[in-house]
Number of protein chains: 2
Amino acid sequence: MLVFHNDRHALHHGRHEMFRGQLVPCFEVPARADYVLQEVRSRGLGPVQGAPDAPLEVFERIHAPRYLQFLSTAWQEWVALDPSNAERDALPSYWPIRTFRSDVLPASFPARMGLFSYDAGSPITAGTWEAARQGASCAVAGARSLLQGERCAFVLTRPPGHHAGHDFFGGYCFLNNGAIAAQVLRDGGLQRVAVLDIDYHHGNGTQAIFYERADVFFASVHGDPHTEYPYYLGYADERGAGAGLGCNLNLPLPRGTGFDRWRQAMADALQAIAAWRAEALVVSLGLDTFAGDPIAGFTLAGDDYLRIGEDLAAAGLPTLFVFEGGYAVAEVGVNAVNVLEGFAQRAR
Amino acid sequence: MLVFHNDRHALHHGRHEMFRGQLVPCFEVPARADYVLQEVRSRGLGPVQGAPDAPLEVFERIHAPRYLQFLSTAWQEWVALDPSNAERDALPSYWPIRTFRSDVLPASFPARMGLFSYDAGSPITAGTWEAARQGASCAVAGARSLLQGERCAFVLTRPPGHHAGHDFFGGYCFLNNGAIAAQVLRDGGLQRVAVLDIDYHHGNGTQAIFYERADVFFASVHGDPHTEYPYYLGYADERGAGAGLGCNLNLPLPRGTGFDRWRQAMADALQAIAAWRAEALVVSLGLDTFAGDPIAGFTLAGDDYLRIGEDLAAAGLPTLFVFEGGYAVAEVGVNAVNVLEGFAQRAR
Ligand SMILES: [Zn+2]
Ligand SMILES: [Zn+2]
């Protein structure tokens, strides 16, 4: 299985995130991807390769130009505010919720940072843009490999992507790698592309990006947003809107859900994707469904990830895996590669 | 001049707020109101009195019941999450900006805290609800004194109110005292009530509450939101909507503005209020226009506040002053009472 590895991912290395009134060390750390790469190598998956820089125009198919412009200079603006900021991650402090405007681009950098985000847990660091951009380039390259006939490929990158929206970051995500990949598949000639999000957390960004579109089906199995992040999206009654009505499927599950019930939900999602006649599948591959995950609440075990890979292969679609969450750092490599190996063995 | 003093204000005493990626000590501290009360007493303004608890139904004329319900139990829910939270203020970490839902009330307390707020700078403490509620009760009592024929009164309370919206807190504000007072004036029989906000920061909450109403005119003189908090509202092109079109007047001024230009802007606001034929005036009295304010950028001097009071008296309307911002703590008392004394002398 082709593996597109973001070799600049470690340039994004946040120090702190806000959690319940305190600044705590970031959960989303470079070691996550390093463990996955090590496992990919030790189990002989591959080849592992990089990706050429994709032009911004490709990202602009998904993200607002003013948002990309903001991200590309955010760190420089942050340090320009105060040279001592170089020692400190950039975190926003205010946000334009209901009754506020989002149409005006304030001159203030901290205000723009809030305009383009939705949480205080996703620090912008000196290398965030470089890391995110290269990761999205890997997603582009991965999607193109499918267009060229590959049965499957794996985009091994961080920061993750599925919480990032058309014009906002949050949930550790800056560029929506999965959405960008789905769009590349569409722009490469496929008519119907599905995104299946199996991260513990609902992929609010991906859902919102495609919510009114009939050409991309979004399905997600995730922790019930009543109690789980991102809380404000991911409910079962969200079925798409306008032309996209019926092209969105949320399958929230209660905290504590184990593999049997989870597997049935993924089967339901795959059935809906098959009924919709998808031509290709992008899998937002989060591993935070694992029982040992420090910020999630399902109880999947290591071997379950082999079964997930097999089930996904059985769907029979060209499949691009995009690495998302998973914060049990020492196990995330084994669990991710279990999915890929389960897939590869069944797909053979 | 009757002074309605919130004798429970010190129950709200935040420890930290988020500012540019760090938790810093709160600017909005109990000493602010204490300095004003001391100056009121030493200059013989008064009498100083408290206020009976207003029933929640009065606040529900302005605020959403589900928001008041949230505030009333927020601290208990925060501590129930984790007993060690008793030593730590409650601050939210995520917010439902565009594409997210606000109609669902999540079971998660931190999620509801984000749903009902717009910044990470307004900590909820053990006594926040008690303090805010008593402050709003003082605003109710102040408005009722005008209905009973008083020429003017002063609501001396904190936390301030003008950033609080129909269903959100932020900008150190929880209950919108000025908006509640304006509504009491309306419900007491006045047909046309004006709110004039002269705090350094735009009164986004008050504006949003009355934006589509023709019976309350909102005017504000404030720092240009392109560079000044709250950034996402307060621009000159916001003139009201629907029935309220033409009943909203924003006069943003650049950072560094001095008294002459500021005074002309307030004169323009008063002229618009007179032309609209307001029957009473609520003044959101922020003193952070002072040159020495640590989080603002105008350059008003102490004596200028006497002139402001005189100009307000010359408008000839029953007037309720409601204390808002002002963070040059040692000077805030003199400056506030200068406004009141300037008003009282001219109104005599
Ligand atoms: Zn996740
Ligand atoms: Zn202010």
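Quick note on labels: first sequence line is chain A, next is B, and so on, each numbered from 1. Note that the structure is a prediction, hence the values are computed from the model and not measured.
- If you measure heavy-atom distances from A/S102 to chain B, the contacts under 4.5 Å come from the side chain alone.
- Ranked by non-hydrogen atom pairs under 4.5 Å with chain A, the options B/S93, B/A120, B/P110 are led by B/S93.
- Nearest approach of A/L233 to B/T99, heavy atoms of both residues: CD1-O, 3.5 Å.
- Remark: aromatic rings of A/F100 and B/Y118 are close, center separation under 6.0 Å.
- For A/S122, no part lies under 4.5 angstrom from a heavy atom of chain B.
- Separation of atoms OG (B/S84) and CD (A/Q22) is listed at 7.0 Å; rounding is to 0.5 Å.
- No more than 12 heavy atoms of other residues, nucleotides or ligands sit less than 6.0 Å from atom CZ of A/R61.
- The residue among B/D89, B/D103, B/L115 with the most heavy atom pairs within less than 4.5 Å of chain A is B/L115.
- Listed by sequence position, B/D167, B/F168 are the residues of residues 162-183 of chain B in contact with chain A, using a 4.5 angstrom heavy-atom cutoff.
- In this structure, the portion of A/Y229 lying under 4.5 Å from any heavy atom of chain B is its side chain and not its backbone.
- When all heavy atoms are compared, the tightest approach of B/I97 to A/W95 is CG2-CB, 3.9 Å.
- Within a 6.0 Å sphere centred on CZ of B/R66, heavy atoms belonging to other residues, nucleotides or ligands number more than 12.
- Counting heavy-atom pairs under 4.5 Å between each of A/G234, A/P106, A/G205 and chain B puts A/P106 at the top.
- A 4.5 Å side-chain heavy-atom check between A/D237 and B/R101 finds at least one atom pair inside the cut-off.
- Contacts between A/P96 and chain B at a heavy-atom distance below 4.5 Å involve backbone atoms as well as side-chain atoms.
- Here the side chains of B/W78 and A/R20 are in contact, with some heavy-atom distance below 4.5 Å.
- In this structure, the side chain of A/Y232 does not engage the main chain of B/V104 through any donor-acceptor pair within 3.5 Å.
- Heavy-atom pairs under 4.5 Å with chain A peak, among B/P92, B/G21, B/A111, at B/A111.
- Counting heavy-atom pairs closer than 4.5 Å to chain A, the top-ranked of the candidates B/Y211, B/F109, B/Y235 is B/Y235.
- A/L23 has its side chain within reach of B/L23: a pair of non-hydrogen atoms, C-beta onward, lies under 4.5 Å apart.
- Residue A/R98 touches chain B through both its backbone and its side chain, counting heavy-atom pairs closer than 4.5 Å.
- Applying the 6.0 Å contact sphere to CZ of B/R15 captures more than 12 heavy atoms from other residues, nucleotides or ligands.
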